[in-house]
Structures are given as structure tokens and as C-alpha cells.
2 protein chains.
Amino acid sequence: MDVDTRLLRYFRAVAEEGNLTKAAARLYISQPALTKQIRQLEDQLGATLFERSRSGMALTGPGSALAESIDAVLDAWDRAERAVRAADAEASKVLRVGFLASAANEKTQAILAAFRKRRPDWRVELRQASWGAPAAALASGEVVAAFMRLPFPNQEDCHLLELLTEPRCVAMAANHPLAQQETLRFEDLLDEPVIAAPGATGAFRDHWIGAEARGGRPVKIGAVTEHPDDWLTAIANGDGIALAPESAARYYARPDIAYRPLTGITPSTVALVWPKAARPTSVLGDFIAAAREAADRR
Amino acid sequence: MDVDTRLLRYFRAVAEEGNLTKAAARLYISQPALTKQIRQLEDQLGATLFERSRSGMALTGPGSALAESIDAVLDAWDRAERAVRAADAEASKVLRVGFLASAANEKTQAILAAFRKRRPDWRVELRQASWGAPAAALASGEVVAAFMRLPFPNQEDCHLLELLTEPRCVAMAANHPLAQQETLRFEDLLDEPVIAAPGATGAFRDHWIGAEARGGRPVKIGAVTEHPDDWLTAIANGDGIALAPESAARYYARPDIAYRPLTGITPSTVALVWPKAARPTSVLGDFIAAAREAADRR
DNA sequence: CACATCCATAACCGGAGGTTATCGATGCAT
DNA sequence: ATGCATCGATAACCTCCGGTTATGGATGTG
């Protein structure tokens, strides 16, 4: 019998959530679509995978059997995908590197230059990662390394090379009352709605709503965004304020957005990261060396 | 990225055949469909998997990387599928057993009775297997064992318990000139067209066209069939003659078909087979024991 | 030089995966 | 007890994708 890995991911989500509605939300599809898909999986396998009840979906015996076997399938496919992408990169001499927003800021060019010196025949392709699943492209081998801000989800599966640390500031609509002040304290922002990353990003989201400095004070989410453009628009729109690295003021300057220095909040660190699971190649080694060189020279 | 295992099988077929047209034929789809699918796989992976030329499709570097990783994925899924089916069988107390045509003939009832005595609360479900891929249902765990005639494709992946051996005879249209004779010699049939199993079945097909007794004499294929019904129809229709187990005369008697004893050809053996790959269960053990008991008592 | 082989393209059809809207059942809080 | 929130199932609909047949273009081959 054939399956789509998508179906397997769907199944896994439902098994983990124990709840169709929540699983559907997590998968960014509608609940009826998920209902249909799960039922179809059951039909194809000829087995009942879930016990439906008012309180949710509970795994049956066959369901548990599938849940236990499923990771092996998805992992095998991930490995296959990585192998193909690695071979393709080798063949076309392209190193694909992911980045979040402004990557390594002013250091980016130095790193790329240092790498070009080591591998003149290679080309570096920078790909923007979504905030929704910043590490997904790493896991699938779509990019072989990425410039990331710490922390991020599944960080423990990656090797890290810290590149720079910079203060965090606050971004808000230019006409926001607090923009009058030259400098702000984080305590002054506790009641402001905040523009946040998607909930699935865990520690990453928490870091950028300043959860660690709130002392348990609840936060009001003004909007959820996945890309810099949405993020900037939401801020300019007055949906809320947002924490941002200081460099955002240079890389994302706009007349309708004000960036203000902020006290009482820890700085942000940018690192080059690459998956522990991937077999390291010499080209990646050269890129890491280039990044290390550029990071040390300041 | 998501894939359907179907796509992976398609890719594997093309990689093995080195030829779109032949691969398409093997997969029972049209060549344009396969062209599209392979191209789509390449698009999704963002890599060229094949080098196209007038002489066929040759794997590129990324293509080879995929070819090497692909079996792990498909095997993992096979295992998952088997695990689910096993758990489902356990839960619903159904033992699914495959069979080809008349299964174990007169022994079948004795085996089932012996099993019922051991496991009164279980039910046996007999499923007919296609001649096109007689062992497919075994590999996927759709059936946990099967009554098969030896040899069959991928036989080496299975444990065997031989149940009975019976002479092979010849089946032909009732109005066929040779049907006049009470007994025939295999040498008399060498020029007759033969109804055969699909080419992919290898040794199975060879056995039933009597390849081992032809001494290299070429065989004329009158028709290719996958199921007893097609087979009987083709014979009655005069498309060709066919070798058949003696018991076919009892289980597939028809006024428009004549079965005649045959000399100069080896007999046919029926065995109960079960995959080596599957974790053996105690129920299956009981079924095997029941089969052994019924086979020994004669 | 005609033909066979092999892959690509075009036009078309049916089904499957997705969506929104809605319902029925059940548990919980007012 | 009533009303509301939650959860899964169903219905109606749209789009796209996987399949089909027919055909073309390039390239060896008898």
C-alpha cells in the first residue's frame, strides 16, 4: 500500500494532540480535512486507529502500533532527502544557507567573502527561513547551515557557532505615545500587546515576547506573524509592540516605525548552526571556518 | 518535503530499468504519466535525478543518492504497515491467509478445522492473491501467511511448509484437436500457444509454461492472465493451452474446458508460506501447527 | 531512406484534498 | 435547568493533480 508522508505527519499530530481540532490547527488545515484524511488512512489500512469520543481521539492498539513505527519512516525519508540535496549541492557547487531576517548583519558580507576566498568555484545561496518553522529547512537538508538567533526550536539537534551578540530594543508604531521617550524600560511595556511568532516555536517565541523578564506577568498577543514583512506591517499598524535586535533599526528602518533602546532585557545572540544529523562535508567545514574567522576579527 | 511512496516506487522502477517506457509498462501506467511524475519529483527536490538521452534515462549524482536511500524508506513503511495489520488482527482476532486459486485443495478444510480447535475464538479469512504479484500481500502484512504453489517470486524471503504434491496436467479448450487423446505427452504441446502469468513473476511464470522441460525451445504466449477467471476464459476461448495442477480438473471443471493427464512434466507442490521478516506470533504458530498436522495425516 | 525507439508535449477527464458552513452530542458553568 | 463551549461528523463546493490518449521531435538502425 502507498502512503503520502503528509498523511503520516497528520496522523502523528492527531496521535500527539489527542484532539482533531487542535491537531488541525497545528497542521494549518481545517478540521474537516483532517477528519477525512484520518478516516482515509484507516480505510486504506483496514484498521481502526482511533477511538472517537466527546473528549477527543484516543489511539487503539493498531493506532499505537502505527505511532511507534512512523518515526522510522519519516526519518528514513528525511535522510534520503538530505542525501539528495547534499549530492546536488556537490554537483552544482552551491552551498545553501538559511537566515532569519537580517542574518548575521554586517558580518554577513565578511563571512561570504572569506568563504569565497576558500572556495572560489562555489556559490552561496541565502534562503530566508520562516519564523513559523525556522529549523525545518535544516532538518530536510534544504539548507546545509543557517544563521539563527538563539534560542530556536530543536536547537539541541544542531551544532552552534556564536557569531555576535547585540542588545535588544523595542519596535513600535511611530505615532505610539511611548515613542516620545528616547529610552524605555522593559517594565513600561508590560501591558502593551505584543507581536509574536507562532505558538509552535516555543522558546523562540518566548524569548521575543520577553517572557523571561516578565516574572510570570501574562502577555497580551496583538498579532502573530511569520515573516518580517507581516511583522513590520503589524507594528506599523499599531497591533502591538515588538522586541527586536538593535540591528533591525538599520536593516528594517521605516518612517512609520520607531525603534527605541530598551533596558532591563537580555541581549540577542546570532549563531551559525548546522544539524548534528548531517554527515559533515568539507565545504561546510570551510564555510564554518570562514564564519569563525569573520566572527573573531572585529 | 512530503512524498508519496508511490512516487518513490516509480523512481526506483525508472532507475532500475534505465528507460521510461519500460518502467511505465512495468508499473502499469502510461509513459507520459511517468514522465510527469518523475519530473515532479525532480522539481520538488530541486535536483536533476536523471540524465535524459535518446538511449534512456541515466542516474545523475543526486539520482544515485536517492536510489541508495530509497529502500530504507519503503522498508520502514512496510514494517509500519505490517505492525498495524498485526495489531489489528490481534485486536479483532482475525487471521488473514492468502491463497492462489484452489489453495490447498481438499486439505484446506482439514487445516481450518484443526486451527479452529486450537483457537476457537479466532476467525480465518482467506484472501485470493493475484498471479501478477502473488507475494505482495505477504510483504505488506495484508495476509500473515499464504497457500502458494512453488516456486513463486521472492520465495527466498519466506519460510515454507510443504503440504502436498500433485501431478500437473494440461488444460485446453474442449474442442481442441488434442483433447481427443486421453493422455498427452508434454513434447506434443511444444508448438501450442500457452496462457501465461505476467512476465514480472519470473520463476513462477517459467514453471507454468513448463520452461524447464522445453530444453530451450521458444514458447508462444497466447495470452497473459492474472486471475483464474481470465485464465479459464482464455483457455475456453482457444487462446492457448495451459499447464494446471491435477486438482484444477475438480475445482475448475467447465464444459468448455478439457483437462488431460500429462507425462514428461514434473509435479506441482503446494506449501504454506509466511514471511521471514515478520515477527512470528503465537496465532500464526498455531496455524502452522494445524497445517502441519493436516498435511501429515493422509 | 524508411522505420523503430525513446522522451516530451498537449488536451482532456475524474478524483482527491482542501475550503466554509453547519449539525448533533456532550460536558461545564452560571 | 439553561446556555455556552468544545469536539467530531457531514455536506456542498472548488481546485489541482494523476491518470489517460494522441502526437511530435530527435536519434540510431536495417
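Below, read A as the first sequence line, B as the second, and so on, with proteins coming before strands; counting in each chain starts at 1.
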Side chain to side chain contact (heavy atoms under 4.5 Å, CB included) partners for A:Ala47, two or more places apart: A:Pro62, B:Val84, B:Asp88
Segment of DNA chain D, first to last nucleotide, that comes within the 4.0 Å heavy-atom reach of chain B: D:dG18 to D:dG28
In residues 65-80 of chain B, what donor-acceptor pairs under 3.5 Å come from side-chain atoms, sequence neighbours left out?
residue: B:Ser69; atom: OG; partner: B:Ala65; partner atom: O; Å: 2.6
residue: B:Asp71; atom: OD1; partner: B:Arg12; partner atom: NH1; Å: 2.8
residue: B:Trp77; atom: NE1; partner: A:Met1; partner atom: O; Å: 2.9

Approximate separation, where rounding is to 0.5 Å, of B:Asp229 CG and B:His227 NE2: 9.0 Å
Residue list, side chain to side chain contact (heavy atoms under 4.5 Å, CB included) with B:Val283, at least two apart or on another chain: B:Glu90, B:Leu95, B:Phe115, B:Arg119, B:Trp122, B:Thr281
Which residues share a side chain to side chain donor-acceptor pair (under 3.5 Å) with A:Asp191, sequence neighbours left out: A:Arg217
Summary of protein contacts for nucleotides 9-22 of chain C, nucleotide by nucleotide, where a base hit scores B, a sugar-phosphate-only hit scores S (4.0 Å, heavy atoms): BB------BBBBB-
Distance in angstrom units between B:Phe50 CZ and C:dA8 C1', rounded: 16 Å
Qualifying residues under side chain to side chain contact (heavy atoms under 4.5 Å, CB included), relative to A:Asn237, sequence neighbours excluded: A:Asp239
C:dC6 OP1/OP2 closer than 4.0 Å to side-chain N/O of B:Arg52: no
Short side-chain N/O contact to C:dT5 OP1/OP2 from B:Thr21, under 4.0 Å: no
With sequence neighbours excluded, residues passing side chain to side chain contact (heavy atoms under 4.5 Å, CB included) with B:Ala139: none
ring-ring contact (aromatic ring centres under 6.0 Å, His included) partners of residues 37-73 of chain B, not counting sequence neighbours, each pair once: B:Phe11-B:Phe50
Side-chain N or O of B:Asn19 closer than 4.0 Å to phosphate OP1/OP2 of C:dT5: no
